[in-house]
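Computed from a prediction, not measured in an experiment: that's the story for all the values here.
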Amino acid sequence: MPTQRQVSERAVVALIGAVQFVNILDFVMVMPLGPDFAKGLGIASSHIGTIGGAYTAAASVAGLVGGYFLDRFDRRQALAVAMLGLVVATAAGGLATGLPTLLLARVVAGIFGGPATSLALSIVAELVPVARRGRALGTVMIAFSVASVAGVPMALKLAEFGGWRVPFFAVAALGLVVVLGAIFYLPPVRGHLEADAGTRRQVGMLELLSQRDIQWSYLMTAVVMMAGFILIPNLSAYLQQNVGYPRDLLWLPYFVGGIASFVTLRVAGPMVDRFGPFVVGTVGSVLVLLSTYVGFMALPAWMPVPVIFSAFMVAMGMRNVAYHTLTSRVPDNAVRARFMSLQSAVQHLATALGAFLSARLLTDLPDGTLGGIAEAAGVSMALTLLLPAMLWVVERRVRRREQAQALALAPSEGGAVPLSPGADPHA
């Protein structure tokens with residue numbers, strides 16, 4: 001097995017990006033495939049959000065439980081177990097015979113997929129210094145764009161020619177290959193185990209949750225995820241049933257939007273490193289508001305669907321890079337996986353609430369369209385308006401703490417205060 005010194009930072013980011021690609025594709029492909037498996041299994045289109053909500057609710061519970069023990073293991077080994085469980089659950093989804101069995105498969109996928117996400121981001125945050133973390137996380141988050149550019153269109157094509165079950169089996173097979181690569185090429189990640197064991201035991205779950213910085217971070221996480229997932233599970237159904245976009249061209253918006261998001265994430269990461277999460281996140285939030293209003297409340301007949309879809313994905317990409325980079329600076333290294341696991345719990349719980357809320361707001365109208373889209377978009381926009389203020393508060397609190405830590409490490413004789421390794425140059 002390679003040691004940490006034998007694997008470059010770039011290779012680590014690439015491997016984690018591959019893991020995230022499978023993890024993200026497993027989740028995001030279900031929503032565009034919603035009308036297909038809904039028809040095949042006799043599920044109402046307005047309940048597609050419930051399928052996504054089952055995954056996220058299970059991931060939330062798994063993240064909460066994982067917060068008690070994930071910091072006790074080598075992060076690479078824990079990631080391998082989580083990803084193998086996800087692979088098995090994804091394959092089981094392709095064997096579903098009705099709504100109950102599909103829900104069960106997605107619940108199991110969430111149980112393993114939620115901790116896998118938190119562990120993957122913990123590995124990047126632990127191995128990449130703060131000064132380069134925005135770029136690294138932006139690169140890892142490109143997995144979402146690649147999943148949109150290649151993964152979702154391919155899943156839709158596979159479903160078109162082989163049935164909705166085929167994409168589940170294909171992703172499970174790809175996941176197995178990626179997991180093996182991560183097991184054999186990722187370095188052991190044990191720095192948190194080699195830290196002061198006494199300190200780790202002192203920071204329990206309740207003590208962690210009592211810290212004000214962490215409370216703000218989790219509240220911000222809930223707002224971000226609810227705002228997005230009131231709408232995201234229903235994009236495919238909305239485009240086909242309300243906009244009249246043809247099923248055989250459904251891959252195109254995801255492809256074009258993914259390319260636009262890919263370019264944006266390559267730029268947004270360095271921008272966060274340079275200007276800070278608040279500035280980039282605020283710009284992203286404004287763009288999210290504009291694209292949501294145009295796309296779901298006042299879509300002009302002359303505007304091509306791929307254009308507004310791309311604008312929506314670009315805006316969300318900018319906002320999410322800023323948000324993830326900022327939250328990665330909140331915890332200390334010794335409790336990073338615990339923090340990330342609890343954050344994953346909050347994230348998936350908020351996602352589930354957003355998806356379930358969308359199912360309550362939306363209805364299947366007699367003419368075949370989805371009713372309540374404007375109301376769902378309005379709730380999403382209201383939540384998005386809260387984000388810039390939260391980014392400002394969390395970034396301000398994190399910088400104060402980092403400055404205090406830098407002062408504590410400075411020589412007592414005075415003079416310039418040196419930055420600790422990986423410290424934020426903007427602090």
- prompt: Quick one: does Asn23's side chain have a donor or acceptor within less than 3.5 Å of a partner on Val19's backbone?
  reply: no
Under a 4.5 Å cut-off applied to non-hydrogen side-chain atoms, are [X] and [Y] in contact?
X	Y	result
Leu252	Tyr245	yes
Tyr218	Gln343	yes
Leu383	Ile230	yes
Val178	Val87	no
Phe37	Val30	yes
Tyr323	Thr221	yes
Leu235	Phe296	yes
Trp164	Leu41	yes

Side chain to side chain contact (heavy atoms under 4.5 Å, CB included) between Glu395 and Leu391, worked out: CA-CA 6 Å; Glu395 184 174 12; Leu391 286 167; 5.8 Å; no
Rounded at 0.5 Å granularity, tell me how far [atom1] in [X] sits from [atom2] in [Y].
X	Y	atom1	atom2	result
Ile308	Thr292	CD1	OG1	8.5 Å
Leu33	Ile51	CG	CD1	12.0 Å
Leu84	Leu79	CG	CG	9.5 Å
Arg401	Arg329	CZ	CZ	8.5 Å
Leu156	Met29	CG	CE	10.0 Å
Leu326	Met220	CG	CE	4.5 Å

Provide the closest heavy-atom pair for [X] versus [Y] in the form atom of the first, atom of the second, distance.
X	Y	value
Pro167	Leu158	CG-CB, 4.1 Å
Gly276	Arg399	CA-NH2, 4.3 Å
Pro115	Gly110	CD-O, 4.1 Å
Ser310	Ala260	CB-CB, 4.0 Å
Val330	Val398	CG2-CG2, 3.9 Å
Gly228	Met316	CA-CE, 4.4 Å

- request: Go through the steps to decide whether Leu174 and Phe21 satisfy the test side chain to side chain contact (heavy atoms under 4.5 Å, CB included), and finish with yes or no.
  value: CA-CA 10 Å; Leu174 178 61; Phe21 169 76; 3.5 Å; yes
field: Partner set under ring-ring contact (aromatic ring centres under 6.0 Å, His included) for Phe309, not counting sequence neighbours
entry: Tyr254
Considering only distance and modelled atom types, tabulate donor-acceptor pairs under 3.5 Å from the side chains of residues 90-109, sequence neighbours left out.
from   : atom 1 : to    : atom 2 : distance (Å)
Thr90  : OG1    : Asp26 : OD1    : 2.4
Thr90  : OG1    : Leu86 : O      : 2.8
Thr101 : OG1    : Thr97 : N      : 2.8
Thr101 : OG1    : Gly98 : N      : 3.1
Thr101 : OG1    : Gly98 : O      : 3.0
Arg106 : NH1    : Asp26 : OD1    : 3.4
Arg106 : NH2    : Asp26 : O      : 3.1
Arg106 : NH2    : Asp26 : OD2    : 3.2

Near-ring test Phe229/Tyr55, centroid separation under 6.0 angstrom: no
task: Decide side chain to side chain contact (heavy atoms under 4.5 Å, CB included) for Val224 and Leu387; before the verdict, give the C-alpha distance in whole Å, the side-chain angles of both, and the deciding distance to 0.1 Å.
output: CA-CA 7 Å; Val224 169; Leu387 183 59; 3.5 Å; yes
- request: Under the salt bridge (Lys or Arg N to Asp or Glu O under 4.0 Å) rule, collect the residues that match up with Arg397, sequence neighbours excluded.
  value: Asp213
statement: Those residues at least two apart in sequence (or on a different chain) that pass salt bridge (Lys or Arg N to Asp or Glu O under 4.0 Å) with Lys39 are none
message: Quick check on Tyr293: does its OH atom have over 12 non-hydrogen neighbours (other residues, nucleotides or ligands) under 6.0 Å away?
response: no
- request: Mind jotting down which residue pairs meet the salt bridge (charged side-chain N to carboxylate O under 4.0 Å, His left out) criterion with at least one end in residues 249-263? Sequence neighbours excluded, please.
  value: none
query: Who are the side chain to side chain contact (heavy atoms under 4.5 Å, CB included) partners of Thr384, not counting sequence neighbours?
result: Ala227, Ser285, Val288, Leu289, Arg319, Ser380
